[in-house]
Each structure stands twice: as structure tokens, then as C-alpha cells.
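In each ligand, atom 1 is the first atom listed, and ligand 1 is the first ligand listed.
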Amino acid sequence: MTLQLLCFFLSLATFFSVPSSATIILGSTLYASTTNQSWSSPNSTFSISFISTGSNSYIASITYSGGVQIWTAGSNVDSGGALQLLHNGALRLINGSGTTLWDSGTANRGVSYASLEDSGELRLLNNASVAVWSSFDNPTDTILPSQNFTIGKVLRSGLYSFSLLRSGNLTLRWNETVVYWNKGLFLSLRPNLTTASLMLQPIGILSVFEPSLTNGEIVAYSSDYAEGSDILRFLRLDNDGNLRIYSSARGSGTITMRWAAVTDQCQVFGYCGNLGICSYNGSNPTCECPSEDFEHVDVNDRRKGCRRKVEIEDCPGNITMWPLDHAMFFTYPPEFSSQAFFVGISNCRLNCLVSQSCVASTSLADGSGLCYFKTSGFVSGYQGPVIPSTSYIKICGSLA
Ligand SMILES: *[C@@H]1O[C@H](CO)[C@@H](O)[C@H](O)[C@H]1NC(C)=O
Ligand SMILES: *[C@@H]1O[C@H](CO)[C@@H](O)[C@H](O)[C@H]1NC(C)=O
Ligand SMILES: *[C@@H]1O[C@H](CO)[C@@H](O)[C@H](O)[C@H]1NC(C)=O
Ligand SMILES: *[C@@H]1O[C@H](CO)[C@@H](O)[C@H](O)[C@H]1NC(C)=O
Ligand SMILES: *[C@@H]1O[C@H](CO)[C@@H](O)[C@H](O)[C@H]1NC(C)=O
Ligand SMILES: *[C@@H]1O[C@H](CO)[C@@H](O)[C@H](O)[C@H]1NC(C)=O
Ligand SMILES: *[C@@H]1O[C@H](CO)[C@@H](O)[C@H](O)[C@H]1NC(C)=O
Ligand SMILES: *[C@@H]1O[C@H](CO)[C@@H](O)[C@H](O)[C@H]1NC(C)=O
Ligand SMILES: *[C@@H]1O[C@H](CO)[C@@H](O)[C@H](O)[C@H]1NC(C)=O
Ligand SMILES: *[C@@H]1O[C@H](CO)[C@@H](O)[C@H](O)[C@H]1NC(C)=O
């Protein structure tokens, strides 16, 4: 081969390599199997690439310098997966089989290029440089400084979600319906907010803003607020259902928790899965089953919950109530109102035993005689010395 030809092929290779600038042209593709291929922001603070999540499993993510993931496209793909910025303007994630797993929904909407900003925002822009789609407007589980989290937006992680309501309240929910954290603000005194938004300042103050207020209302301070330089702070809904502020020093790839919405992790509904009981082993929340009549669904992941060794409907002998001292089962509306009774502790046990729909019951030990029935298909428990109630759970057994 002549030197000229070699130079030609080398320049061709350079030409077809992935653009490293902020502008991503239509027709660009990232492949899951190609290592170290990425689209970077102008000063490389953020980049988009595939991250390996296990054998033959990859996820397309925007990461902060060091590798902290702050946004992800769809779900895991195999090594044949790719992220494509199509000529029609759609950004699309495909699996090796060619199946579309995620799509920005921007085909034929005038997108002429994409851009990853130094703020971490991925934007699909038209020829007038107006964003047709933005990762800040379509968050996954994380909010970055300068990201405007308005009413109607949702952070999700597994069955958990976080949102800012019209009422001005901030809520954490399990499976859309169970609200296990509900924080009211002064702003909540104004009815029907529509223009409020939650923002995290780079120095670590989380506030809700509303156009009629000159200053935002502060929700939380990062414990390292205003300290250090070249530190990214972000708000993330973790897969354990807690909402936290973290900080990460540039390039470190490590994160440090600086604030958590729910200080008592066992108060997160469903943390230990169905029929799981949360308790503390020292300062760590652990997940146990109610009794020997249950087993972990997955011994390697106790958060997946428990199941009865013998189901109630298959019980050959007598059904009884297993007692759990200093324990409660979380009961939230609409269960709450229809399933609360003033009966003594022994009737709290017996009435549940004879009720077809009752799975478990909790009797408050404060003298009120209040008893809650758990009738839903999902039972989430908490046991610890400070819990002022006794609970019972239906089992197939011979215990009197
Ligand atoms: C990918 O990047 C890592 C870390 O920057 C480096 O150690 C590795 O050699 C690179 N691999 C390839 C194939 O370029
Ligand atoms: C992607 O393809 C792999 C292998 O064909 C398959 O195992 C996996 O379930 C697919 N993922 C999705 C989300 O369809
Ligand atoms: C920009 O896009 C619009 C609509 O897609 C089109 O009508 C217009 O000609 C484009 N302008 C330029 C300069 O390409
Ligand atoms: C990259 O750009 C952002 C936004 O302008 C800036 O805050 C950050 O300090 C820059 N980082 C570096 C390493 O230049
Ligand atoms: C955030 O979004 C709201 C609603 O779209 C808007 O009124 C407000 O000006 C935005 N705030 C910032 C700082 O961009
Ligand atoms: C979540 O809610 C849906 C719809 O109400 C229900 O079908 C599903 O079983 C619930 N998930 C769990 C884990 O209970
Ligand atoms: C807002 O949160 C407060 C608790 O901080 C609660 O008492 C109130 O009922 C909530 N309002 C709504 C509409 O959820
Ligand atoms: C709140 O405002 C929105 C939009 O202005 C309106 O559609 C909605 O009916 C209002 N809700 C209440 C409870 O006033
Ligand atoms: C509690 O923690 C200790 C020390 O980490 C560990 O050895 C023990 O197995 C834990 N117990 C349970 C029930 O998880
Ligand atoms: C079931 O309960 C009845 C009535 O209390 C009792 O006579 C019987 O021995 C019990 N059977 C078993 C298998 O425990």
C-alpha cells in the first residue's frame, strides 16, 4: 500500500470516528459493544456512553466525570444494542435484535442536531437552536443543578416515584398510590400552584420557586453546602425509595450522601418487599420474614420480600395469627379509613383471623384500642423496640 493510500484510510477512520464535540450530528450511533465510545460535553464534564451492568448487559447513560450516572435511556440492552440519532430526528435505543426499547418521540419534528451541555443536559435541537426535547424535561431518577423540576414531572426508580404537586406538597409514592412521604411547604397555603418548580442550587440548597415569590422556599440543605470546589451536587430517587442529595468530586466516581428525605429507612413503604419486615441491625436496615412459616423470595436479595411456606388457601390444618411484638404494618389511605376499628388487642387478632380479606392486623399499644387491618395484596412491616404496637399475621400453623 502506498503511503498516500494509508493516509487516506487513516483520515477516513478519523472522519468516521465518533464526534467528541458537543454537537452530535444526525446519523450518529453509539454501540454498546464498543468500549470507550462516547459523546462528550464541550469541557468533558458530562458524557453519554454505554455502561456495562453485568455479563452481556449495558445501559446507555449520561455520566458525570468519574462515571456517576445521572440519566439513563430506557432499559438494559445486550452487546448488540445501540443508541442512534436517526436522520428523522429521533433518538432511539435498540436491542441487539433491533427492537426499539426507548425513543425520544421526536421523529419528523425538525430536529437537526443534538448537543450535550456542560450542565449535563442533553438536547435535541431544531435549525433555530430551539430544544425540541431535553433530558432535563424528561428526567429519570436524578435532578442536577440548573434543572427545572416543574409540577407534573416525575422521578422514578423501580416502583417508587417523586413529584411536586399542585398543592405545593412534595411526595414520595410506592406504586403510584401509596404516599409514604408527604412534605408540606408554606407555599402549600396557596391553592392550586401551577408554575412552581423545584431546583437544586450548585452550592447544595434545594428550594421550591414560584414566580410570585422573590426567593424560593428552602426544602433542604446539603450537609456540605457551599463547601469545596469542583463538586457536583445532585438529587436522586434511589431504588430503596429514599430521596437523597449526594455530592461527587470531579473525576472521583464516588458519591457521598448529604441529605435524605426519609431519615428512618424502615419507614419507606415496601422497602423489604411483600410480607417483609424491616428492622435495624445496628444502624443498618435489614429485611427479615415475619416467622419460620415464611421464606425469602430470593435469599440473595432479602429486599424482594417473603412468601408463606404454605399458602393460607392451601392450609390443611388450622389458620392462626402469629404475634409480632413492637411491630407495625403500614396502612395508608384508602385502606386506612375503611380498615381502622376500635377493638381491644385480642379482638384485633381474632377479628382478623375470622375475616376472609384480612391478612394481618396492628393493634396500637397507646390505650386507644385502635386496630388496623391489612387487606391489600401487599404487606410492608416494621419491627423495633420503639414501635408502640403489636401486630399479628395470618399463618397456616398449629400455634394457639
Ligand atoms: C478505555 O478507557 C479506560 C479508562 O480510561 C482505559 O484504561 C482503557 O485502556 C480504554 N480501552 C480502550 C479499548 O481504549
Ligand atoms: C434484548 O435482547 C436480549 C438478547 O436477545 C434479551 O435477552 C433481552 O431480554 C432483550 N431486552 C429487552 C428489554 O427486550
Ligand atoms: C429550518 O426548519 C424549518 C422547518 O423544518 C424549515 O422550513 C426551514 O427552511 C429551515 N431553515 C433552514 C435555514 O434550514
Ligand atoms: C465546564 O463547564 C461548566 C459550565 O460552564 C463549568 O461550570 C465547569 O467549571 C467547567 N469545567 C471545567 C473543568 O472546565
Ligand atoms: C421553570 O419552569 C417554569 C414552568 O415552565 C417556568 O415558569 C420557570 O421560569 C422556569 N424556571 C427557570 C429558572 O428556568
Ligand atoms: C401496583 O399497582 C398495580 C395497579 O393497581 C397492581 O396491579 C400491582 O399488582 C401493584 N404492584 C404490586 C407489587 O403490588
Ligand atoms: C401536605 O403535607 C402535609 C404534611 O407536611 C399534610 O398534612 C397535608 O395533608 C399534605 N397536603 C396534601 C394535599 O397532600
Ligand atoms: C387548578 O388550575 C388548573 C389550571 O389552571 C385547572 O385546570 C384546575 O381545574 C385547577 N384545580 C383546582 C382544584 O382549582
Ligand atoms: C447484623 O450485623 C452483624 C455485623 O454486621 C452481622 O454479623 C449479622 O449477621 C447481622 N444480623 C442480621 C440478622 O442480619
Ligand atoms: C384446630 O382447631 C380445633 C379447635 O380449636 C382443634 O380442636 C384442633 O385440634 C385443631 N387442629 C390442629 C391440626 O391443630
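Ring centroid separation for the pair F269 and Y160 does not come in under the 6.0 Å cut-off. Between Y332 and W174, the distance separating the two ring centers is not shorter than 6.0 angstrom.
Protein heavy atom at the shortest distance from atom 1 (C) of ligand 4 is N43 ND2, 1.4 Å. In terms of protein heavy-atom proximity, atom 9 (O) of ligand 4 is closest to R250 NH2, 4.6 Å.
Applying the 6.0 Å contact sphere to OH of Y280 captures more than 12 heavy atoms from other residues, nucleotides or ligands.
With a 6.0 Å cutoff to the six-membered ring centre and a 45° limit on the axis angle, R236 counts as a cation-pi contact of Y246.
A salt bridge does not link E311 to K394: none of the charged side-chain nitrogens sits closer than 4.0 Å to a carboxylate oxygen.
Contact atoms of ligand 4 toward T45: 1 (C), 11 (N) (distance under 4.0 Å to a heavy atom of the residue). Less than 4.0 angstrom separates some heavy atom of W174 from each of these atoms of ligand 6: 12 (C), 13 (C), 14 (O).
Counting only non-hydrogen atoms, the option in T177, L159, N274, N175 that gets closest to atom 2 (O) of ligand 6 is N175.
Remark: atom 14 (O) of ligand 6 lies closer than 4.0 Å to at least one protein heavy atom. Distances from atom 4 (C) of ligand 3 to the protein include no heavy-atom value under 4.0 Å. Distance screen at 4.0 Å: atom 11 (N) of ligand 6 has a protein heavy-atom neighbour inside the cut-off. Checking atom 7 (O) of ligand 3 against the protein gives no heavy-atom contact under 4.0 Å.
For N148 and S197, the side-chain atoms include at least one donor-acceptor pair closer than 3.5 Å.
Between the side chain of N175 and the backbone N or O of T177 there is no donor-acceptor pair closer than 3.5 Å.
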